[in-house]
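Shown next, in structure tokens, is the structure this report addresses.
Computation of the quantities below employed the complete heavy-atom set of this structure, encompassing side-chain atoms and omitting hydrogens, waters and symmetry-equivalent molecules.
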Amino acid sequence: MKEYYFTEEHELFRDALKQFLQKEVVPYIDEWEAQQRVPKEIWKKFGEQGFLGLHYPAQYGGAGLDFFYSVVFCEEISKVFSGGFGVIPTVTQYMSSTYVYKFGSEALKQKYLVPVIKGEMISAIGITEPGAGSDVANIQTRAVRQGDHYIINGQKTFISNGIYGDYIVLVVKTNPEAGINGFSLIVVDLDSPGITKNKLNKLGWHASDTAELFFEDVKVPAENLIGEEGKGFYYLMDGLQLERLVGAIGAVAGTEALIDYTLKYMSERQAFGRPINKFQVLRHRMAQLHAETEVIKQYVYYCSRLQNEGKYAVKECSIAKLQATELANKAAYECLQMFGGYGYIEDYKVARVYRDVRILTIGGGTSEIMREILAKILIDDKKYENPKPQTAREAAAASVLDEVMHAIRQRAAQGSLGTSLKFDFGSKKLLIDGTGGTNTVSEEDREAACTIFISPEDMQALLKGELNPMNAFMAGKIKVQGDMSVAMKLQSLLG
């Protein structure tokens, strides 16, 4: 089935990359794992051979190739039995520098993207904080504009390439009052004054570093802002599907390599006078594992095709990430068992794989988050569309709505309606429940004695006294459903 997705040119590229890895990487993996560091010079060799920037255009030094070249790249670097090695280029090429390319200025591309493609720079993505991982909207790191600079304060954690890298694409709050419209992305040089780094002692991925980063009054040029201020959340949502897909590709490829490694051992290991691959219970386990890997691999290739076609495939990439990483963990457990006591010895690669794969169901969105995304699609009928930043008009309308709802909350707190009244503003509802003696205000969308349908702009005019309630009703700007006598109390609420 490979020929359905991969051309002869793809396979020639694969052969060249495999030869390069066998010469420049595989012989040194154990040494790099022990030293817990990969020499940066290796990435320049990657760049010189044209193995980096496969999906970036030629004007920045890239190759401008289709996504299946990237699939080949991610597969082959995932087969060297070092998750720590593989994560360095995947984070750089597909999880961080992508934001510079898609949304950054030409100056940022020249300064930060071109060196990445040459292998001269390593980059990181800074999302996770001690109190915000999958809950991106809870990020607290602040960037305050002061003249031609931003001043950044905050903390990030679990940052791959956080110490090893040259720069980080940092997710920050530039306007804490604006909700998801208050996030921005900014490029920060990791040697900037005010940054403190703490290398975390990890269970696996020993060849790479993962860090806590502390930002104290870090001064960053305003031109390092990626795209427009306040649109970072939308930029981030645009890139997460690629991150999850790349993780799925690597997980499946690593599982294939582990199965091959295990089968070779099983053919050589003797027990009761014959190779252990002749014992039915063991061979059937491996056959089942192979079958599951083949099924998930074909689905990941399908998702790769969607990526190649520019589709925003939230459901598909979530399924791929969930299934592929869960499979990798299952395979590591099953294959280690085939090695018996030797599987528990670090001299055998399966022990390293067992440690390395555990992060796969956590990083890039946990399995639990993947399942919740799928549950929302399946059960709640949620539609995930490629998020687009608000236009100036949409932002202004959102501001009016927030102002109106705040004003109603304040006025409703001063008395009791003795009944229930709901405002329907279209995108949001506001319920005033005065049946308990005092008014309680919530955004619950449940039945009320009376529902008033009105636009936020007309409600704002009513609150300011610029529009008379009766005139608004006669002009059709207010529509009432339910007990009209409750609607008549609107005037007292507005007063």
- side-chain contact (heavy atoms from CB on, under 4.5 Å) evaluation trace for K156 with E212: CA-CA 6 Å; K156 298 292 180 179; E212 288 180 304; over 6 Å; no
- Do V26 and F81 come close enough that some side-chain heavy atom pair is under 4.5 Å? no
- At their closest point, which heavy atom of I259 faces which heavy atom of T293, and how far apart are they? CD1-OG1, 3.6 Å
- Message: With a 4.0 Å cut-off on N to O distance, would you call K79 and E76 a salt bridge?
- Response: yes
- Any salt bridge between E228 and K231, counting N to O under 4.0 Å? yes
- Query: Could you go step by step and tell me if Y56 and S97 meet the side chain to side chain donor-acceptor pair (under 3.5 Å) rule?
  - Reply: CA-CA 10 Å; Y56 292 131; S97 62; 2.8 Å; yes
- Under 3.5 Å, is there a donor-acceptor pair between the H10 and T7 side chains? yes
- Query: Are F67 and H55 side-chain neighbours, meaning at least one heavy-atom pair lies under 4.5 Å?
  - Reply: no
- Task: Let me see the working for E41 and K44 under salt bridge (charged side-chain N to carboxylate O under 4.0 Å, His left out), right down to the final yes or no.
- Result: CA-CA 5 Å; E41 292 73 25; K44 293 180 182 179; over 6 Å; no
- Query: Under 3.5 Å, side chain of N153 to main-chain N/O of T141, donor-acceptor pair present?
  - Reply: no
- Donor-acceptor contact below 3.5 Å, side chain D66 vs main chain F68: yes
- Are R352 and D30 close enough for a salt bridge, meaning some N to O gap below 4.0 Å? yes
- Message: Under a 3.5 Å threshold, yes or no: a donor from one side chain and an acceptor from the other, between N161 and D209?
- Response: no
- Determine whether F6 and Y301 make a side-chain contact, defined as any pair of heavy atoms from C-beta on separated by less than 4.5 Å. yes
- Item | With sequence neighbours excluded, residues passing side chain to side chain donor-acceptor pair (under 3.5 Å) with T157 | none
- Look at E316 together with R244 and state whether they make a salt bridge at an N to O cut-off of under 4.0 Å. no
- Task: For residues V172 and I139, determine if any side-chain heavy atom of one lies less than 4.5 Å from a side-chain heavy atom of the other.
- Result: no
Side-chain atoms of residues 331-343: list all donor-acceptor pairs with protein atoms under 3.5 Å, sequence neighbours left out, distances to 0.1 Å.
none

- Mind running salt bridge (charged side-chain N to carboxylate O under 4.0 Å, His left out) on K118 and E48 for me, showing each step along the way? CA-CA 7 Å; K118 290 181 178 179; E48 290 166 0; over 6 Å; no
- Task: Answer yes or no: is there a side-chain heavy-atom contact under 4.5 Å between L236 and Y99?
- Result: yes
- Just checking, is any N or O donor in the side chain of T361 or E326 under 3.5 Å from an acceptor N or O on the other one? no
- Query: Is there a donor-acceptor pair closer than 3.5 Å between any side-chain N or O of K111 and the backbone N or O of N224?
  - Reply: no
- Heavy-atom closest contact (E229 atom, T174 atom, distance): CG-OG1, 3.4 Å
- Step by step, work out the side-chain contact (heavy atoms from CB on, under 4.5 Å) result for F73 and Y94. CA-CA 11 Å; F73 178 82; Y94 301 103; 4.0 Å; yes
- Please examine the side chains of P221 and Y150, heavy atoms only from C-beta on, and report whether any two atoms are closer than 4.5 Å. no
- ring pair (Phe, Tyr, Trp, His ring centres under 6.0 Å) partners of residues 175-205, not counting sequence neighbours, each pair once: none
- Message: Tell me whether K173 contacts the main-chain N or O of N138 through its side chain, where contact means a donor paired with an acceptor under 3.5 Å.
- Response: no
- Task: Would you confirm whether K197, through its side chain, and A211, through its main-chain N or O, come within 3.5 Å as a donor-acceptor pair?
- Result: no
- Message: Side chains of L108 and E223, heavy atoms from C-beta outward: is any pair under 4.5 Å?
- Response: no
- Can you name the closest pair of heavy atoms from S367 and T325 and give their distance? OG-OG1, 4.3 Å
- Message: Please find the pair of heavy atoms, one from Y299 and one from A320, that lie closest to each other, and give the distance.
- Response: CE2-N, 4.0 Å
- Side chains of Y235 and S184: do they bring a donor and an acceptor to under 3.5 Å? no
- Salt bridge between E309 and R305, side-chain N to carboxylate O under 4.0 Å? yes
- Message: Using side-chain heavy atoms (C-beta onward) and a distance below 4.5 Å, is Y5 in contact with S304?
- Response: no
- Donor-acceptor contact present, side-chain E129 to main-chain Q140, <3.5 Å: yes
- Message: We want to know whether D189 and Y112 form a side-chain donor-acceptor pair, criterion being a heavy-atom distance below 3.5 angstrom.
- Response: yes
- Task: Might you point out which heavy atoms bring V91 and S160 nearest each other, and give the distance in Å?
- Result: CG2-CB, 4.1 Å
- Just by modelled atom types, is the G53 backbone N or O under 3.5 Å from a matching donor or acceptor in the Q93 side chain? yes
- Message: Please evaluate residues E346 and R355 with respect to the criterion salt bridge (charged side-chain N to carboxylate O under 4.0 Å, His left out), reporting the C-alpha separation (whole Å), side-chain torsions for both, the decisive distance (0.1 Å), and the verdict.
- Response: CA-CA 10 Å; E346 288 286 346; R355 290 185 283 102; 3.0 Å; yes
- Task: Classify the side-chain pair N181/Y234 by whether it contains a donor and acceptor separated by less than 3.5 Å.
- Result: yes
- Message: Less than 6.0 angstrom from the centroid, inside 45 degrees of the normal: does K18 satisfy that with respect to the ring of F20?
- Response: no
- Query: Does the pair R371 and L322 meet the rule for a side-chain contact (heavy atoms from CB on, under 4.5 Å), with working shown?
  - Reply: CA-CA 8 Å; R371 292 186 182 104; L322 171 65; 3.9 Å; yes
- Item | Residues K383 and D381 bridged, charged N to O under 4.0 Å | yes
- On the ring face of Y164, is K40 found with NZ or CZ under 6.0 Å from the centre and within 45° of the axis? yes
